[in-house]
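We name chains A, B, ... by the order of the sequence lines, and we start the count at 1 in each one.
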Protein chains: 2
Amino acid sequence: MQKELNLSKNQKIIFDLIDKSGGPMKAYSILFNVQKKGIKAPLQVYRALDKLVEIGKIHKIESRNAFIACQNSSCQVSKATAFSICESCENVSEISNSKLSKYLSNFSDDSGMKYSKYNLEFFGLCKKCKSK
Amino acid sequence: MQKELNLSKNQKIIFDLIDKSGGPMKAYSILFNVQKKGIKAPLQVYRALDKLVEIGKIHKIESRNAFIACQNSSCQVSKATAFSICESCENVSEISNSKLSKYLSNFSDDSGMKYSKYNLEFFGLCKKCKSK
DNA sequence: AACGTTATGTAATAATATAACATTTATAAG
DNA sequence: CTTATAAATGTTATATTATTACATAACGTT
Ligand SMILES: [Zn+2]
Ligand SMILES: [Zn+2]
Ligand SMILES: [Zn+2]
Ligand SMILES: [Zn+2]
């Protein structure tokens with residue numbers, strides 16, 4: 001919330017669009033929607049997206065090549081993300097479950113590798129879609 | 001292992017290539033490598049990849065747009081996958097940790113959504129890269 | 001003002017993936 | 001063995017996603 005002030009012009013335009021959409025948006029759909037505001041090229045969009053991801057204002061849904069506003073106000077830096085994705089309506093929401101994040105942040109296996117980041121995507125049918 | 005017999009010609013060529021590579025491979029790199037075997041078009045590669053993913057012989061590393069042979073012999077169907085990815089050398093390995101998979105397979109949050117599938121990607125530096 | 005850093009603009013192109021359609025091969029039933 | 005059905009293949013074109021390269025402008029600090 002507090003970081004919004006630091007956003008540059010393009011970053012703000014693009015963040016506001018994604019945030020207001022309430023769901024995941026794809027880069028070229030973003031591009032289409034901001035052309036009236038003077039953002040004309042893919043690279044302008046991708047640069048803003050990169051920065052917004054870096055500072056944790058948005059996250060990339062890797063399996064969908066889409067970007068969603070962070071729904072977890074405490075998520076300043078994107079290094080531990082989890083999402084639930086409906087395979088029917090493509091609704092996505094960010095999971096904020098402290099037990100889960102604690103479990104995954106502390107996870108280590110026998111490889112001796114220390115993990116600094118993770119991304120988890122759960123798939124299934126949302127309530128609405130299940131009841132159809 | 002036992003399912004290899006059922007693979008079609010293209011599926012077998014492509015699976016063997018990925019499997020032998022020992023790491024993740026990208027679709028167009030696969031295409032380049034199998035052109036001498038008569039597979040000439042991207043679609044031929046993607047169709048085989050789709051099928052191989054579907055039957056769990058390979059998995060897609062979503063954050064890398066790459067495909068890796070299943071390293072877990074019991075993983076017949078890809079519905080619960082976890083990987084460790086080195087952000088320096090891009091080495092990828094499949095994590096098979098029964099506690100982790102049990103935890104995630106049984107995970108449920110307050111959304112009331114029942115998850116049938118998940119994919120988890122951990123990032124960090126592997127041993128080799130850490131010691132540099 | 002001068003400097004280094006971050007952001008922007010623009011054009012071209014690379015990399016990833018799918019649509020559409022025709023044909024062939026495998027599997028199984030009758 | 002023939003017919004039906006599903007699965008796989010071949011081929012061309014195209015859609016979608018993302019980056020390279022280079023020039024310019026704005027910002028923050030001293
Ligand atoms: Zn978040
Ligand atoms: Zn749904
Ligand atoms: Zn596997
Ligand atoms: Zn490494």
Can V34(A) and N10(A) be said to form a side-chain contact (heavy atoms from CB on, under 4.5 Å), step by step? CA-CA 9 Å; V34(A) 296; N10(A) 288 0; over 6 Å; no
Between E62(A) and R64(B), is the closest basic N to carboxylate O distance under 4.0 Å? no
Rounding to a whole Å, what distance do you find between I14(A):CD1 and dG9(C):P? 10 Å
Validation row, ring centre F83(B) to ring centre F122(B) under 6.0 Å: no
For S116(B), which residues count as a side chain to side chain donor-acceptor pair (under 3.5 Å) partner, sequence neighbours excluded? none
Within 6.0 Å of NZ in K130(B), more than 12 heavy atoms from elsewhere: yes
Can you tell me the distance, in whole Å, between the CG atom of D50(A) and the P atom of dT8(C)? 12 Å
Tell me whether the OP1 or OP2 atom of dA17(C) has a side-chain N or O from Y46(B) closer than 4.0 Å. yes
Is N65(A) near enough to dT16(C) that one of its side-chain N or O atoms lies under 4.0 angstrom from OP1 or OP2? no
C126(B) vs C89(B) side-chain heavy atoms within contact, under 4.5 Å: yes
Atom pair distance, as rounded to whole Å: CZ in F32(A) and P in dA15(D): 16 Å
Find the distance L31(A):CG to dG9(C):C1' and express it as a whole number of Å. 13 Å
Mind listing the residues from residues 83-93 of chain B sitting with a heavy atom below 4.0 Å of DNA chain D? Number order is fine. none
Do L100(A) and I61(A) sit in one hydrophobic cluster, given that two such residues count as connected whenever their side-chain heavy atoms are within less than 4.5 Å of each other, even indirectly? no
Can you check the R64(A) CZ to dT18(C) C1' distance for me, whole Å? 16 Å
When the C1' atoms of the five terminal pairs at each end define the local axes, what inter-axis angle does the helix from dA1(C)-dT30(D) to dG30(C)-dC1(D) show, to 10 degrees? 40°
Where along nucleotides 25-30 of chain D does protein come under 4.0 Å, by heavy atom, of base (B) or sugar-phosphate alone (S), with - for untouched nucleotides? ------
Does the side chain of Y115(B) come under 3.5 Å of the side chain of D109(B) through a donor N or O and an acceptor N or O? yes
Whole-Å distance separating the OH atom of Y28(A) from the C1' atom of dT18(C): 16 Å
Testing the 3.5 Å rule here: is there a donor-acceptor pair between the side chains of N119(B) and E121(B)? yes
For I13(A) and dA7(C), what is the distance between atoms CD1 and P respectively, to the nearest whole Å? 14 Å
Do I58(A) and L17(A) land in one hydrophobic cluster if side-chain heavy atoms of ILVMFWY residues count as linked below 4.5 Å? yes
M113(A) vs L125(B), side-chain contact (heavy atoms from CB on, under 4.5 Å): CA-CA, chis, key distance, verdict: CA-CA 7 Å; M113(A) 190 164 161; L125(B) 293 178; 5.9 Å; no
Determine whether the aromatic ring centres of Y103(B) and Y103(A) lie less than 6.0 Å apart. yes
Which nucleotides of nucleotides 6-13 of chain D have their base under 4.0 Å from a protein heavy atom (B), which only their sugar-phosphate (S), and which neither (-), written as one string 5' to 3'? --SBBBB-
Gap between atoms NZ and C1', on K60(B) and dT17(D) respectively (whole Å): 11 Å
Run the side chain to side chain donor-acceptor pair (under 3.5 Å) test against N97(A) and tell me which residues pass, sequence neighbours left out. none
So L7(B) and I55(B), do their side chains get closer than 4.5 Å, heavy atoms only? yes
